[in-house]
Every structure is written in structure tokens, then in C-alpha cells.
Asks: 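This structure is in C-alpha cells; I'll ask about it shortly.
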Amino acid sequence: AAERDATAFIAWLDTQRQVDKTKKIGTQGYCMGGPLVVKTAATVPNRVGAGASFHGGGLVTDMPTSPHLLASKIKARMYFGVASNDDKNQPDAKDVLRDAFKTSHVQAEIKVYTSLHGWCVPDMPADANGPIYNKPEAEEAWTKLRALYKSNAANIVEEIDAYLAQGAEEQKRDLVLLMKAEVLFKKNDFAGAAPIYEACARSRQLTGQQKAEALAKLAWCYQQLRDL
């Protein structure tokens with residue numbers, strides 16, 4: 001069911017005009033959402049570029065359907081934040097998970113936090129020993145998530161540069177350059193994006209709408225650079 005839903009949801013997203021299908025999708029989950037992240041990344045590997053699980057449950061089981069066994073199908077960069085009590089209850093799970101991704105040559109970072117299961121959720125009910133939500137470690141997890149998505153953007157830039165170095169056709173080249181500018185723009189790298197947008201605005205291969213959007217983004221880049 002999860003695999004069917006992942007395929008359907010991403011297919012629906014790709015029909016929306018606000019979604020740029022040239023960019024990868026990021027997915028994150030908490031508690032039982034952790035396995036869903038793994039299943040989504042494995043089911044639609046060509047669309048999912050990054051996935052993160054925080055205090056995920058059931059990532060490693062003895063069942064043939066265990067999420068960790070899907071590592072070889074994943075192309076995304078992954079991050080797993082493990083709660084201390086989850087690690088205590090299943091101390092070998094992190095090693096099994098790490099080995100599965102390492103063997104499959106999939107980049108995955110795994111960290112055991114000092115907090116308890118649910119530490120990322122601000123309204124998580126307290127237990128007998130006090131609050132479970134841990135703001136400093138929740139902020140750390142959020143920072144890790146943002147870095148994960150940004151690092152994936154860096155990989156895309158590298159892939160674009162490698163493609164351009166092969167001598168792409170002029171029409172494809174300008175479109176790919178526009179994609180690179182968009183990635184840099186999303187990373188707030190306005191200095192890197194500005195000259196590419198400027199070149200795209202003068203392109204003879206891009207459509208009028210694409211050039212108009214490039215000009216608008218160029219103006220925004222210059223505004224942000226002036227405000228620095």
C-alpha cells in the first residue's frame with residue numbers, strides 16, 4: 001500500500017504546474033513515517049533525491065519486507081536520526097542499517113541522539129520523567145535536514161556541469177544552464193545564479209516565457225546582492 005501511494009502521490013505532484021519535474025523530490029518522516037520515507041525512495045528512485053527519518057520505527061526487522069532491505073533500490077542521499085531509547089531497545093539496528101546502505105553504495109548518515117523517541121515534536125506529551133521534546137536536538141535535526149536537501153542540490157550542480165562539459169547541443173545547453181541557475185537560486189547562491197540568468201535572458205533557444213522568468217530572477221538576485 002505504501003509503495004502504491006508513493007507512486008500515486010508523486011505522479012499527482014508531477015501534474016501540478018508549480019512542480020518542476022527537472023528537480024528531485026525530498027521526503028522526510030517521523031516515527032512510523034521513517035519506513036515510509038525508505039519505501040518512497042526505493043519505489044520512485046528516479047524522482048526522490050533525498051530522504052530523512054527521525055526517531056523512525058521499524059526500519060530494521062526480521063521480516064523479508066524490512067525497509068533496510070530496500071537500500072539497493074535507492075538513489076537518494078539519506079539521513080537517519082535515531083532516538084536513544086530506540087537504540088537501547090535495538091542496539092544492532094543502526095549497524096544493520098549502515099551496512100545495508102554501505103553495501104548498496106548509497107550515501108547515508110546515521111546518528112544516535114541523546115533524546116528520547118519523539119524528541120522532534122514540540123507538542124509531544126511528556127512521560128513520567130519529564131518532557132520528551134528536546135528543542136536543541138530538534139533544531140539540530142532540522143539543521144541536518146536542511147543540509148541534506150542543500151547537499152543534494154550541490155550534487156545536481158555537479159551533474160549539470162559534468163553534462164555541459166560533454167558538449168551539449170545549444171538548445172539543450174541553454175535549458176540545462178537555466179536548470180543550474182534555478183538550483184543555485186534555491187540555495188540562495190545569488191552571485192552564482194545571476195550571470196547564468198543574464199545569459200539565459202539573451203538566449204535564442206529558450207522561450208519568451210523562460211527568458212522573462214530569467215530576467216525576473218536576475219533582478220531578484222541583484223536586489224539580494226545589493227542588500228548584503
Asks: Between S53 and Q28, does any side-chain donor sit less than 3.5 Å from a side-chain acceptor?
Replies: no
Asks: Please evaluate residues K75 and V48 with respect to the criterion side chain to side chain contact (heavy atoms under 4.5 Å, CB included), reporting the C-alpha separation (whole Å), side-chain torsions for both, the decisive distance (0.1 Å), and the verdict.
Replies: CA-CA 8 Å; K75 297 181 180 179; V48 179; over 6 Å; no
Asks: Do E140 and T143 have side-chain atoms, one donor and one acceptor, less than 3.5 Å apart?
Replies: no
Asks: Where does the angle between the aromatic ring planes of Y79 and F54 fall among parallel (under 30°), tilted (30 to 60°) and perpendicular (over 60°)?
Replies: tilted
Asks: Whether K217 engages the ring of F185 as a cation-pi pair (distance to the six-membered ring centre under 6.0 angstrom, angle to the ring normal within 45°) should be assessed.
Replies: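 Ring-cation test returns yes.
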Asks: Could you see if W142 belongs to whatever hydrophobic cluster contains Y133? Use Ile, Leu, Val, Met, Phe, Trp, Tyr and a side-chain cutoff under 4.5 Å.
Replies: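 W142 and Y133: separate clusters.
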Asks: Cluster question for you: counting only ILVMFWY and a side-chain heavy-atom cut-off of under 4.5 Å, with indirect links fine, are V82 and V60 together?
Replies: yes
Asks: Where is the tightest heavy-atom contact between A2 and K39, given as atom of each residue plus distance?
Replies: CB-CD, 3.9 Å
Asks: Anything under 30° is parallel, anything over 60° is perpendicular, the rest tilted; go ahead and classify H55 against Y30.
Replies: tilted
Asks: Tell me if the centroids of the rings in F101 and F80 come within less than 6.0 Å of each other.
Replies: yes
Asks: Examine the side chains of H117 and D86 and answer whether a donor and an acceptor come within less than 3.5 Å of each other.
Replies: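 A donor-acceptor contact under 3.5 Å links the two side chains.
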Asks: Applying a strict under-4.5 Å side-chain criterion to I, L, V, M, F, W and Y, I'd like to know whether V37 and F9 cluster together.
Replies: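 No, V37 and F9 fall in different hydrophobic clusters.
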